[in-house]
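Data block below; observations after.
Residue numbers begin at 1 in each chain, while the letters A, B, ... track the order of the sequences. Side-chain atoms are counted along with the backbone in the values below, which use heavy atoms only and exclude waters and symmetry mates.
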2 protein chains.
Amino acid sequence: MPPKDPSSLSLGPLSGVMGYHIAQAAVTTFGTFERHVGKPFGLRKVEFSLLMLLLANGPLPPKRLALTLTLTGPNLTLLLDRLQERGLVNRERNPADGRSQNIVLTEKGRRIAQDTAAAAVPMESELLDRLSRAEHAMLIELLCKLAGRRTPL
Amino acid sequence: MPPKDPSSLSLGPLSGVMGYHIAQAAVTTFGTFERHVGKPFGLRKVEFSLLMLLLANGPLPPKRLALTLTLTGPNLTLLLDRLQERGLVNRERNPADGRSQNIVLTEKGRRIAQDTAAAAVPMESELLDRLSRAEHAMLIELLCKLAGRRTPL
DNA sequence: TATTGTTATACTCTATAACTATA
DNA sequence: TATAGTTATAGAGTATAACAATA
C-alpha cells in the first residue's frame, strides 16, 4: 500500500488494481523512452522494439513479428511501410513459399538498431533513481510472470 | 491448429527494457479488465478509474481528476460529457468561484461505481493464476515506486 | 480451402492551440 | 493578467472486413 499523502487523492478500490498501477508506471517509462530514444532517433516504441527483435534474431517473417509485438496484420504492414521508406528494413520474398516474406535489417537499419540499443542502457539507468538494481530486476521478472512469459533469456 | 513454438523470439536488448515489459504486461491486465468490467458495464479504463476516485474522495474539481489520471483538460471535458450524458456524474458550479466546478456522482453513478468496485475483486483474483498474493502486492509496490508521483497538488 | 500479406476504413486515445468566462 | 474549463482539430494507436496471391 502506498504511503498516505494528504495532498493526493485516495485511490480507494483502485489501490489494489494492477492495471491502474501499470498504466501509471507506463507514464514514467514512456517519458524516459521519448527522451532517450524516441525523439533523438525519431522512433516510436513499437518501431524500436521491432528493430531490437530483428537485431537479436536476424530476418523474421512478419507473422512472427506481429505475434511477438501483439500487432494486427494490417498495422504491421503500415509499420513496415514506414520503416522500409526510411531505408531501415527490406521485405524479402521467400523463394520456397511465395506467400511469405522475411523482414531484414538494411545496413542503415542495423546501425540505428545498434545505436538505439546503446541508448537504452542510460535510459534504464535513469530509472535507478527510483528503483534499486535489484528492484529493477525483480520488477521485470514479476512483469514477465504477469504477461505469461518466462524470464527473458 | 497445433500450438506454435512457445519459446518464441529472443528479446535481445529488449530483455532489460522496463517499458517493453510494462507494455506486454498491460496486454494481460487490459484483457482482464475488459472481461470483468469494460464489457459488462460499458466502461473504459479511464472511466472506471474516474468513478473509483469519485467514490473514494467525494466530489472533486476536474483539475484534480485530470492531474491524477494524467489527462489533458480537453480530454477530460469529453470524458465528463460522456459520463454526464449517461447520467453517472454531474457538474456543479462552485458558488464561491464561478470558474471552478465540482464533479459529483449521481445516484446511478454511485451504484455503478460500487458494482464495478465489486467486480474488480474477482478481476484481480484472476491474476493470481499467474502471481502469488505476495507477488501481486510486491508488484504493485514496485510499480508505485517506478511511477514515483510526487503529486503536484 | 487455408494461409500470408495488403487495402480500405473506422474508432479510440491523446495532444495542442485558441477560445470563453470568471477572477 | 491569470485561472478553469471548453471547443476544434489533428495525429497516433488499434481494430475489422474484404481482397489478392499462393499453397
Side-chain angles (χ1 to χ4, degrees), chain A residues 19-20 22-24 26-31 33-34 37-39 42-50 59-86 89-104, chain B residues 1-2 4 19-20 22-24 26-27 29-31 33-34 38-39 42-50 59-85 89-104 152-153:
Chain A
Y20 174 79
I22 287 189
Q24 292 296 316
V27 173
T28 296
T29 54
F30 291 178
F33 172 83
E34 276 306 302
V37 177
K39 232 168 40 174
L43 287 176
R44 305 161 205 227
K45 297 190 302 290
V46 68
E47 292 172 332
F48 165 71
S49 297
L50 191 149
L60 291 168
K63 189 86 180 184
R64 297 199 70 190
L65 289 168
L67 283 171
T68 302
L69 297 171
T70 328
L71 285 171
T72 59
N75 294 330
L76 180 58
T77 293
L78 296 176
L79 178 55
L80 291 173
D81 287 347
R82 281 198 298 271
L83 292 175
Q84 191 167 30
E85 203 161 330
R86 278 180 68 179
V89 305
N90 275 318
R91 289 162 159 105
E92 284 186 354
R93 299 219 78 91
N94 181 348
D97 183 341
R99 294 172 300 185
S100 72
Q101 309 173 350
N102 269 325
I103 307 303
V104 299
Chain B
M1 188 178 70
K4 192 61 187 166
Y20 174 79
I22 288 189
Q24 291 297 317
V27 174
T29 53
F30 179 62
F33 171 84
E34 277 304 301
K39 231 169 43 173
L43 288 176
R44 305 163 210 261
K45 296 190 303 285
V46 68
E47 292 172 331
F48 165 72
S49 297
L50 192 149
L60 292 168
K63 189 91 179 179
R64 297 199 69 191
L65 289 168
L67 283 171
T68 302
L69 297 171
T70 329
L71 284 171
T72 59
N75 294 330
L76 181 58
T77 294
L78 296 175
L79 179 55
L80 290 173
D81 287 348
R82 279 199 299 271
L83 291 175
Q84 191 167 32
E85 200 160 331
V89 305
N90 275 318
R91 290 163 159 105
E92 284 186 355
R93 298 220 77 92
N94 181 348
D97 184 340
R99 294 171 300 184
S100 71
Q101 308 173 351
N102 270 324
I103 307 303
V104 300
L153 207 70

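A 4.5 Å side-chain heavy-atom check between Thr68(A) and Gln24(B) finds every atom pair outside the cut-off. Residues Gln101(B) and Asn94(B) form no side-chain contact, since every pair of their non-hydrogen atoms from C-beta on lies 4.5 Å or further apart. For the pair Glu47(B) and Leu69(B), the minimum side-chain heavy-atom distance is 4.5 Å or more. Looking at heavy atoms from C-beta onward, Leu65(B) lies out of side-chain contact with Leu71(B) at the 4.5 angstrom threshold. Side-chain contact check for Thr29(B) versus Lys45(B): every heavy-atom pair is 4.5 Å or farther apart.
A straight line from CG of Asp81(B) to C1' of dC13(C) spans 16 Å, rounded to a whole angstrom. Atom-to-atom, CD of Glu34(A) to P of dG11(D) comes out at 17 Å; the value is rounded to the nearest Å. In this structure, Glu92(B) atom CD and dG5(D) atom C1' are separated by 16 Å, rounded to whole Å. Spacing between atom CG of Leu80(B) and atom P of dT6(D) amounts to 7 Å, rounded to whole angstrom units. Between Arg64(A) atom CZ and dG5(C) atom P the separation is 12 Å, expressed in whole Å. If you take CG of Asp97(A) and C1' of dT4(C), they are 8 Å apart, rounded to a whole angstrom. The separation between Asn90(A) atom CG and dG5(C) atom P is 15 Å, rounded to whole Å. Straight-line distance from the CD atom of Gln84(A) to the C1' atom of dG5(C): 13 Å, rounded to whole Å.
In terms of phosphate contacts, Ser100(B) brings no side-chain nitrogen or oxygen within less than 4.0 Å of OP1 or OP2 of dA4(D). Remark: Arg91(A) is in phosphate contact with dT6(C), judged by side-chain N or O atoms under 4.0 Å from OP1 or OP2.
The two residues Pro61(B) and Asn102(B) have their closest heavy-atom pair at N-OD1, 3.4 Å.
When heavy atoms are screened at a 4.0 angstrom cut-off, Gly73(A) is found touching base atoms of the nucleic acid.
The side chain of Arg99(B) has dA23(C) as its nearest neighbour among dA23(C), dT3(C), dG5(C).
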Point to revise | Intermediate values then yes/no, side-chain contact (heavy atoms from CB on, under 4.5 Å), Arg44(B) and Leu50(B) | key: CA-CA 10 Å; Arg44(B) 305 163 210 261; Leu50(B) 192 149; over 6 Å; no
Could you run down the sub-3.5 Å N/O contacts of the protein with nucleotides 13-15 of chain D?
unit_1	atom_1	unit_2	atom_2	d
dG13(D)	OP2	Arg44(A)	NH1	2.8
dA15(D)	N7	Asn75(A)	OD1	3.4
dA15(D)	N7	Asn75(A)	ND2	3.0
dA15(D)	N6	Asn75(A)	OD1	3.1

